[in-house]
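Notes follow once the structure below has been shown.
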Amino acid sequence: MSDSEDQLPDEISYDEQRYPARPRRLRPRDQLKRSAVKRFTADPRTANGTNPAYVEWLVRQSMLKDADVLGRQLSGQPSMWRNPYARPDARRAIETTNVWFTAYPISLITRPGESFLQSLGDEALWEAFEAIGITGIHTGPVKRAGGISGWQETPSVDGHFDRISTQIDPEFGDENAFRRLADVADAHGGSVIDDIVPGHTGKGADFRLAEMAYKDYPGIYHMVEIPPEDWSLLPDVPEGHDSVNLDRDRERELSERGYIIGELQRVIFYTPGVKETNWSATSPVIGPDGVERRWVYLHYFKEGQPSINWLDPTFSGMKLVIGDALHSLGDLGTSALRLDANGFLGVEKSAEGLPAWSEGHPLSQAANHIIAGMVRKVGGFTFQELNLTMEDIRDTAAVGADLSYDFVTRPGYHHALATGDTEFLRLALTTSLATGVEPAQLVHGMQNHDELTYELVHWATTHHEDVFPFRHGEITGGELARLVRAELTEVLTVRADYNLVFTQNGIACTTASLIAATQGFERLGDITPDAVSGIRAAHLLLAKYNAWQPGVFALSGWDLTGSLTLPAGEVAGLIASGDTRWIERGAHDLLDVAPEATRSLAGVPRAQALYGPLPDQLGDPDSFASRLGGLLRIREESDIAIASQIDIPQVAHPSMLVMVHRLDGGDAAKRDAAIQITVLNFSAEAIDGTVRSESLVPRSPVTDAESGENVGRVDDLQSFPLHLGPYEGRFLVLGEPEVEEFHPITRAMPIITGV
């Protein structure tokens, strides 16, 4: 017997027994040998992926980590099954709260040592709100925002809409102050509305971990790793920056090589040399594995707002957003959430040569359905700021948010005031009804922190070649959008030096400064105390337009105080990058708690306020706040917030607007419900006109709800005459038709006597 024959077979290993047919390269031990954990010795002060302490510090601050914790707290709880959630319900949301104050944290002047949230929870403020008729408060973004560079936080690049944490920013208060605000609001019959941002974050811990390719964090974002052999395709990042925007040529090259989907349908905030595409490239970033990486990431808005990926296999972005929402609703005590930038949640490569599909994408609808459904599941509601076509607003609202911001008619009523002609506004209203977007689904807002948007997306994109009747002729949607933009720009910025164009999106102005421009004031110094009554009259007209129709009515501290824009020189550093909106965000003092303050706690300069603080206004029956309270009482008594809009008739005078509503509580089956008519005069001149609509019942008496005056009767042509003073608005209600007595026609008959 040979030596080989005498040799006993080796003992079979566990690996060979368990994986008899698996090639050695796929066996666990061999994989681990090649991917063994690398150990680094790093300076504890090092702020990169080689320092485990730095990575752990980022993880503790990340929103994705918080979402894991928050999700587990609610998972499997019976509270998750108590509320219907599948379908939006605008009127249920409206019945919760329908007149909102929209705050902007950095612009509110508070008492010395008092935080923004403490100020909003002031009993005196809520007493003033009750007197006016305000039932809800939208806090604006109050959670930490901006970014992280090394161990340091960097400031927000977009007014705290670049969120990096679920924690309250100490600049605005703390969670206890937020919870107290919710309690005080509830005691006064009010509600608190918070924000979530499902479209993007800031460059905080989550983004820094994503750049390091740490665990599931890259799955949060639309970001693509570019291999080192193609780094030559990427621009150099300037010193002092962590990323750089791609120009059109590099965007095209990376798209052709299959790295990114390339050009999108539009570049929001387009600024030559600053933002020419929606893509930016990072600097080289080292990860915990010791590998340096460069990424290209998508940002619909600013470079510091990387876009969330809603269809990554890890679903990390979805988890982050839902966790943030649950924190606001379940932990802070809010009743509702605003969905910011929620129309841009899906992107897809299009056919060769066409921009990528990035607006109106079905994924946006699906993602909004998930967010809004989750919020309804825990008893809240949502509203969205979706500046897209009316069809997009309709379709998204069918499954997503309960309410949508009124981008449908907001530019139209400003255009009506600027030109004294309501034709474009009437076209927007009738088109909205025909498309299936009810006003009851909309949040009719006056000024907020954003510009007066005049993109007119409905007309300028999908319907740019469609023909519409306008000014006794026909015009395409694209031509109509250009015309309206040109007329708004001429009146509001060319003839007035205190309102500014904001990139390609709109005009930076306050409601008061917009009105001043339409009334011919060329400089801020021209707006004397004698001008206040005229500005106030037009301001109340716009309030009536927004409040005397179905839906939510919203206004801001700039509206309540009649704030004007800031001189550009006072915010020169903030507007240097092109963000002119800072001129409209002046600080204001609602309760006169710091009359000597020249700036808010955040450093925003105080704006000139034409109407003054609320306590003074509420003591004057002719003030803006007092008269606003009167028109809101009419709104509340009539339940017009949940009514149905049934007609926008043609008018006899171009400055006139007529909106006809049925006060049916949203139940179209109540055909016999009372008819209400809002009639407005958008000019500074008195006008005489005729109100006519097929919805008016002949012989019905017409009563002014504000004065109780009988103003006439509907004739057999379903019309009645009406006189309106300058900037006057009237809330008219039809009574039961008068029944006329029947008087048979008789005539004398001769008496015939015998011959």
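FYI, side chains are in, hydrogens and waters are out, and symmetry mates aren't considered; it's all heavy atoms of this structure. Fair warning: this is a prediction, and the values are worked out from it, not measured in the lab.
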Can you tell me how the ring of F207 sits relative to the ring of Y221, calling it parallel under 30°, perpendicular over 60° and tilted otherwise? perpendicular
Trace of the ring-ring contact (aromatic ring centres under 6.0 Å, His included) decision for Y259 with W279: CA-CA 12 Å; Y259 286 121; W279 302 92; over 10 Å; no
R179: partners by side chain to side chain contact (heavy atoms under 4.5 Å, CB included), with sequence neighbours left out: E175, N176, D331
Mind listing the closest non-hydrogen atom pair of T46 and W151 along with its distance? O-CZ2, 3.7 Å
Mind running side-chain hydrogen bond (donor to acceptor under 3.5 Å, both in side chains) on S328 and D194 for me, showing each step along the way? CA-CA 7 Å; S328 291; D194 193 14; 2.5 Å; yes
Does atom CD of Q152 have more than 12 heavy-atom neighbours, drawn from other residues, nucleotides or ligands, at distances under 6.0 Å? no
Taking the side chain as everything from C-beta on, heavy atoms only, tell me whether S513 gets closer than 4.5 Å to W558. no
Reported CD1-to-CG distance for the pair I322 and L70, which is rounded to 0.5 angstrom: 11.5 Å
Has the side chain of Q265 got a donor or acceptor atom that lies under 3.5 Å from a matching backbone atom of E359? yes
Just jot down the ring-ring contact (aromatic ring centres under 6.0 Å, His included) partners of W231, sequence neighbours excluded, or say none. none
Given 3.5 Å as the limit, does a donor-acceptor pair link the side chain of T271 with the main chain of F269, or not? yes
Side-chain (T382) to main-chain (A372) donor-acceptor, under 3.5 angstrom: no
Among H160, H449, H138, find the residue that satisfies the ring-ring contact (aromatic ring centres under 6.0 Å, His included) test when tested with Y104. H449
If you measure only the distance, is there a donor-acceptor pair under 3.5 Å linking the side chains of S62 and Y217? yes
G219 and S316 have their tightest heavy-atom pair at C-CB, 4.0 Å
Those residues that, when tested against N368, pass side chain to side chain contact (heavy atoms under 4.5 Å, CB included) (two or more places apart): L339, N342, L345, S364, Q384, T396
Going by distance alone, is a donor N or O of one side chain under 3.5 Å from an acceptor N or O of the other, for S577 and D579? no
Could you report the tightest heavy-atom contact between N245 and V274, atom names first, then the distance? CB-O, 3.4 Å
Of all the heavy-atom pairs spanning L246 and T277, show the shortest one and how long it is. O-OG1, 2.8 Å
Side-chain heavy atoms of F381 within contact of T97, under 4.5 Å: yes
Is it the case that the side chains of T503 and N505 hold a donor-acceptor pair, with the cut-off being a distance below 3.5 Å and no angle test? yes
Under 4.5 Å between any side-chain heavy atoms of S600 and L108, yes or no? no
Are S350 and E348 close enough that a side-chain donor and a side-chain acceptor fall under 3.5 Å? no
Check: M212 main-chain N/O paired with D289 side-chain donor or acceptor under 3.5 Å: no
Let's go through D216 and K319 carefully: what are the C-alpha distance in whole Å and the side-chain angles of both, what is the deciding distance for salt bridge (Lys or Arg N to Asp or Glu O under 4.0 Å) to 0.1 Å, and is it a yes or a no? CA-CA 11 Å; D216 289 344; K319 182 183 290 187; over 6 Å; no
Distance check, rounded to the nearest 0.5 Å: L125 atom CG versus F101 atom CZ? 7.0 Å
Rounded to the nearest 0.5 Å, how far does CG of D206 lie from CG of L64? 6.0 Å
For K302 and V157, indicate whether the former's side chain and the latter's backbone hold a donor-acceptor pair under 3.5 Å. yes
R252 meets the salt bridge (Lys or Arg N to Asp or Glu O under 4.0 Å) criterion, sequence neighbours left out, with D249
Could you give me the CA-CA distance, side-chain angles and deciding distance for K349 and S255, then say whether side-chain hydrogen bond (donor to acceptor under 3.5 Å, both in side chains) is met? CA-CA 9 Å; K349 192 171 182 63; S255 176; 3.2 Å; yes
Given side chains that start at C-beta, do those of L590 and T561 come closer than 4.5 Å, heavy atoms only? yes
Is there a side-chain contact between I371 and W310 (heavy atoms, below 4.5 Å)? yes
Atom OG1 in T166, atom NZ in K143: separation rounded to 0.5 Å? 6.0 Å
Side chain proximity check, D174 to L117, heavy atoms < 4.5 angstrom: no
Are the ring centres of F172 and F178 closer than 6.0 Å? no
Minimum heavy-atom separation for V267 to E276, with atom names? CG2-O, 3.9 Å
Measure the spacing between CZ of R208 and CG of D242 and express it to the nearest 0.5 Å. 4.5 Å
Ignoring hydrogens and angles, tell me if any N or O in the side chain of K203 forms a donor-acceptor pair with the backbone of D162 under 3.5 Å. no
Which atoms form the tightest heavy-atom contact between P238 and S243, and what is the distance? CD-O, 4.5 Å
Salt-bridge present (R163, D195; N to O < 4.0 Å): no
Within the structure provided, determine whether L254 and L234 are in side-chain contact (heavy-atom separation under 4.5 Å). yes
Under a 4.0 Å N-O cut-off, is there an ion pair linking E584 with R581? no
Do any N or O atoms from the side chain of T565 and from the backbone of C509 form a donor-acceptor pair under 3.5 angstrom? no
Hydrogens and angles aside, do H458 and D392 bring a side-chain donor and acceptor to less than 3.5 Å of each other? no
Short side-chain to backbone donor-acceptor contact, H200 and F161, under 3.5 Å: yes
Given E211 and S283, is the side chain to side chain contact (heavy atoms under 4.5 Å, CB included) satisfied, shown in steps? CA-CA 9 Å; E211 287 181 309; S283 302; over 6 Å; no
Do Q118 side-chain atoms and S115 backbone N/O form a donor-acceptor pair below 3.5 Å? yes
Please determine whether side chain to side chain contact (heavy atoms under 4.5 Å, CB included) holds for the pair S107 and H588, giving the CA-CA distance in whole Å, both sets of side-chain angles, and the decisive distance to 0.1 Å. CA-CA 6 Å; S107 295; H588 46 273; 3.9 Å; yes
Qualifying residues under ring-ring contact (aromatic ring centres under 6.0 Å, His included), relative to H299, sequence neighbours excluded: Y297
R606 side chain to A587 main-chain N or O, any donor-acceptor pair under 3.5 Å? no
First locate atom CG of N309, then atom CG of L298, and finally report the distance between them rounded to the nearest 0.5 Å. 9.0 Å
Whether the S556 and N448 side chains hold a donor-acceptor pair (N or O, under 3.5 Å, no angle test) is what I'd like checked. no
Sequence neighbours left out, what passes side chain to side chain contact (heavy atoms under 4.5 Å, CB included) with V571? Give chain and number order. L566, L574, I575, W582, I583, P605
With side chain to side chain contact (heavy atoms under 4.5 Å, CB included) as the test, would you mind laying out the steps for N51 and W57 before giving the verdict? CA-CA 10 Å; N51 184 357; W57 178 74; over 6 Å; no
